[in-house]
Amino acid sequence: MKEKDFFLHKNQYAISNNKEGEVFKRSSSNIALIKYWGKKTNTLQIPLNSSISFSLEKVFTGTKLRYHVKTPPYKKNFSVKFFFFGKKKFIFWKKILVFFYRISSYCSYLRDYHFTIETYNNFPHSSGIASSASFMSSLALCIMEMEKQLVPSLTHSFFLKKASFLARLGSGSACRSVYPGLVVWGNHKSIIGSNNLYAIPYPYKIHSIFQNLIDTILIIDETPKKILSTQGHQLMNTHPYAKERFKCANKNMDCMISILEMGDFQEFGKLIEHEALTLHAMIMTSNPYFLWMKPNTVQIIHMVWDLRIQSKKNVYFTLDAGANIHLLYPMNERLFIGKWIKHDLMFYCKKIIESICF
Ligand code: DP6
């Protein structure tokens with residue numbers, strides 16, 4: 001689909017069909033295996049390489065959107081009230097207004113309503129897990145649910161594509177959270193249907209070893225990041241190694257496709273660790289440079305490597321844009337790895353959250 005297919009013009013719907021309503025949507029967070037890092041300049045949220053992630057079943061955001069039509073004469077600015085766990089949050093509210101502004105030409109009805117948005121995460125607030133992906137995805141799904149009342153002929157497949165398209169405009173990685181399982185975003189020559197505008201469910205064969213993988217999130221640092229992802233993406237525009245990184249990410253995606261089919265868990269693990277460390281190497285060598293890892297991040301990485309040598313267990317890590325670690329391992333290692341985390345790693349972590357890649 002092209003960008004023009006997502007516009008909804010005033011003559012395509014009647015506000016009188018949907019004067020007020022309430023919708024609720026839940027969306028999972030996701031962890032990227034091949035990372036999105038860098039956006040095209042002078043575009044809105046167009047990635048410079050393709051990425052693939054697992055959605056995390058037990059880590060989600062729930063959002064309720066209430067709306068009622070404005071009565072004339074009314075102002076054409078956005079009317080939004082926002083509550084996070086029942087409390088107003090100015091910073092999030094501002095982000096929502098930016099989001100509404102970005103999507104308004106695709107959802108021309110937004111200025112005709114008053115909105116109240118209430119949201120919560122099922123994971124602890126400020127736990128260091130990026131919640132913008134699950135939040136923006138849940139909000140985009142709510143908006144599409146509302147759009148469906150205005151345009152009842154809208155198909156399920158279009159509903160999800162446009163939800164992903166809108167979520168991308170809120171936060172790039174959010175477009176992958178619209179779907180469960182393995183999800184791809186960004187054009188890649190070897191992945192049919194992949195594109196920069198919205199994410200798609202991974203379309204190829206996946207070996208059974210990758211079904212129901214466990215992702216245990218080790219929260220090492222709960223303080224807000226000093227360099228946000230959005231700033232980090234920008235730094236890639238002047239990064240001396242950027243071109244090589246994009247080439248490498250595309251090559252890694254090709255490797256990932258064959259690993260996912262063949263079920264080679266060691267190769268899978270090596271690839272995701274390489275991707276994670278490359279992401280961090282990019283931020284360490286940007287200008288200005290920065291270090292997200294904390295001493296305990298490095299400590300745990302070494303403990304994972306040591307455990308693999310000693311026990312030959314299949315446990316690998318990936319990192320998000322911060323100090324926290326995601327440990328990925330197959331379901332059949334759960335007992336052993338779970339005990340090891342409790343006995344050996346807890347000391348270095350503030351919290352742990354176990355989830356399933358579904
Ligand atoms: C390291 O999606 O948070 O998690 O598009 O500016 O909102 P914006 O950035 P964001 O970046 C995520 C970066 C990452 C890798 C990934 O999820 O692919």
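No experiment lies behind these values; they were computed from the predicted model shown. Counting starts at 1 for both ligands and their atoms, following the listed order.
Of the N or O atoms in G172, one or more lie within a sub-3.5 Å distance of an N or O in ligand 1. Of the N or O atoms in Y36, one or more lie within a sub-3.5 Å distance of an N or O in ligand 1. Where the criterion is an N or O separation shorter than 3.5 Å, residue side chain and backbone included, N30 fails it with respect to ligand 1. At a 3.5 angstrom cut-off on N or O pairs, W37 does not count as close to ligand 1. At least one N or O atom of S171 sits closer than 3.5 Å to an N or O atom of ligand 1.
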Worked check of side chain to side chain donor-acceptor pair (under 3.5 Å) between K35 and T278: CA-CA 9 Å; K35 312 284 182 182; T278 305; over 6 Å; no
Give the C-alpha distance, both sets of side-chain angles, the deciding distance and a yes or no for salt bridge (charged side-chain N to carboxylate O under 4.0 Å, His left out) between E222 and K350. CA-CA 8 Å; E222 297 176 301; K350 296 266 189 313; 5.6 Å; no
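The number of heavy-atom neighbours closer than 6.0 Å to NZ of K95, taken from other residues, nucleotides and ligands shown, is 12 or below. By the 6.0 Å contact criterion, NZ on K148 is open, its count of non-hydrogen atoms from other residues, nucleotides or ligands being 12 or less.
The option with the heavy atom closest to atom 17 (O) of ligand 1, from among K35, Q234, R176, is R176. When the heavy atoms of L279, T318, N49, I283 are ranked by distance to atom 1 (C) of ligand 1, first place goes to L279.
The atoms of ligand 1 that sit less than 4.0 Å from any heavy atom of Q45 are 5 (O). Close approach of ligand 1 to A32 (heavy-atom distance below 4.0 Å) involves ligand atoms 16 (C), 17 (O), 18 (O). Near S173, meaning under 4.0 Å from one of its heavy atoms, ligand 1 places the atoms 2 (O), 3 (O), 10 (P), 12 (C), 17 (O).
The shortest heavy-atom distance from K39 to ligand 1 is under 4.0 Å.
Note that R168 lies in the cation-pi zone of F165, set by a 6.0 Å cut-off to the ring centre and a 45° limit from the axis. A cation-pi arrangement, defined by a distance under 6.0 Å to the six-membered ring centre and an angle within 45 degrees of its axis, is absent between K313 and Y329.
Heavy atoms of T230 found under 4.0 angstrom from ligand 1 belong to the backbone as well as the side chain.
At a cut-off of 3.5 Å, with distance as the only test, no side-chain donor of Y13 or E147 sits close to an acceptor on the other residue.
For the ring-ring contact (aromatic ring centres under 6.0 Å, His included) test, residues two or more places apart in sequence or in another chain that qualify with Y241 are H239.
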